Amino acid sequence: MQDQRKAIAVLTSGGDASGMNMAIRAVTRSALALGWAVYGVSEGYAGLIAPPEDGKIRRLTARDVGGILGLGGTVLGSARCKDFHDASVRARGIANLAALGVDALVVIGGNGSQAGAHALHEQGLSVIGLASTIDNDLEGTDITLGADTAANVAVDAVDKLRVTSSSHRRASIVEVMGRSCGYLALTVGLATGAEAIVLPETDLGPDEVAQRIASAYDRGKHHAIVIVAEGARYDAAALATILERDHRERVRFDMRVTVLGHIQRGGTPTVFDRLLGARFGAHAIECLERGDNGVLVGLRGNELVTTPLADVIGKQKPLALELVELAQTLAQ
Ligand code: F6P
């Protein structure tokens, strides 16, 4: 009977992002509703290429994805798999799927993961990508799954840092993730009223940051917040060292550095990310049902859209730089 039906697999790859579980659930239950068989691949591409006896690809039922929608991270596990750059290694993954009768794969992940998905597609596998990374740096979507939750976690942390910074009349230099993209830093900086936002895209230097902190002091503020993207020319520690060394008298505030790090990846998915995960997952199955593949599912405005993976990989979405100016105006 199963040979009359479609069988698909789903995996999560790269850095985990809140909302992935909702997407796994939506992929699984939407496919089951069509009578398809669904397999979950553990630990991303590493699980896909593992020997079958390792049991990394297993059948999923509706109950297997119950109770996960409010959980951060990914119940399937994730990994970064360097071996996957090798076409012969990828062929092993395709063979593992074929042995189970699986003819399509849904890849939930960011840039590197979608490059892997594209490569699999080029090797003949039906693949659908779901745009998911806290960095929100993927072309083909306005927003990626997990970015909203990560931004909320970081905003909550910065709100708390502002409290203690105010008590001690300090400047907090806070580093947020985002790889080479300033989206998270800009979003968090705007949402927390930061005095300065240091991005890879704008390259605000130490002199200008010192000027902004000094100006906050002069305006009678009891704190200053500087948000630094991890991909900026100076990370938070390097920036603080320069400020301390070259601009101590000007900034006057005592300074402290906080690197938020992986905390940003561990939040409980926001409502936005839950809805996005549900919509992305269901849309992936609609695409496969109508025979589309080799595409990334994303969101434009409030519309679900698909973009060929070939047009997405290796690109970085440009940042909305007008928001940098807005953040600066509003922080006066
Ligand atoms: O791509 C998501 C991300 O969290 C980046 O913001 C960060 O640079 C990177 O992953 C960290 O990777 P890892 O979890 O492998 O340390």
Side-chain angles (χ1 to χ4, degrees), residues 11-21 23 42-47 71-85 107-118 129-158 173-189 191 197-201 227-239 257-270 273 276-277 280 296 298 309 312-319:
L11 63 77
T12 48
S13 166
D16 60 351
S18 277
M20 280 181 161
N21 284 327
S42 299
E43 293 155 36
Y45 292 131
L71 303 177
T74 159
V75 293
L76 289 176
S78 191
R80 301 193 192 279
C81 178
K82 288 207 179 79
D83 293 348
F84 213 66
H85 293 295
V107 174
I108 306 171
N111 256 316
S113 309
Q114 301 308 338
H118 177 61
L130 298 194
S132 179
T133 162
I134 68 163
D135 302 336
N136 194 27
D137 58 350
L138 260 180
E139 271 292 358
T141 189
D142 292 346
I143 186 81
T144 50
L145 184 61
D148 184 65
T149 302
N152 273 284
V153 170
V155 163
D156 181 55
V158 174
I173 320 286
V174 189
E175 184 175 305
V176 302
M177 277 187 165
R179 211 175 280 279
S180 57
C181 173
Y183 172 83
L184 262 186
L186 177 54
T187 303
V188 172
I197 307 173
V198 183
L199 307 169
E201 292 86 351
I227 304 293
V228 183
E230 66 173 353
R233 183 149 58 103
Y234 302 99
D235 65 17
L239 180 64
V257 171
T258 304
V259 177
L260 293 182
H262 290 81
I263 284 174
Q264 292 157 102
R265 290 234 299 260
T268 299
T270 56
D273 277 328
L276 196 62
F280 275 8
L296 180 84
L309 284 166
V312 165
I313 57 159
K315 298 198 181 137
Q316 181 165 312
K317 184 169 47 185
L319 200 60

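Bear in mind the structure is a predicted one, so any value in this text is a computation, not a measurement. Heavy atoms only: backbone and side chains are in, while hydrogens, waters and symmetry mates are out. As the structure lists them, so they are numbered: ligands from 1, and atoms in each ligand from 1.
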Is the closest side-chain donor-acceptor distance between [X] and [Y] under 3.5 Å?
X	Y	result
Thr270	Asn152	no
Thr149	Asp273	yes
Thr12	Thr74	yes

- So, the side chain of Gln114 versus the backbone of Val107: is there a donor-acceptor pair under 3.5 Å, distance only? yes
On a heavy-atom basis, the closest approach of Leu239 and Ile173 is CD2-CG2, 4.2 Å
For Tyr45, the ring-ring contact (aromatic ring centres under 6.0 Å, His included) test, sequence neighbours excluded, returns Phe84
Pocket residues around ligand 1 (non-hydrogen, under 4.0 Å) come out as Arg80, Thr133, Ile134, Asp135, Met177, Gly178, Arg179, Glu230, His262, Arg265
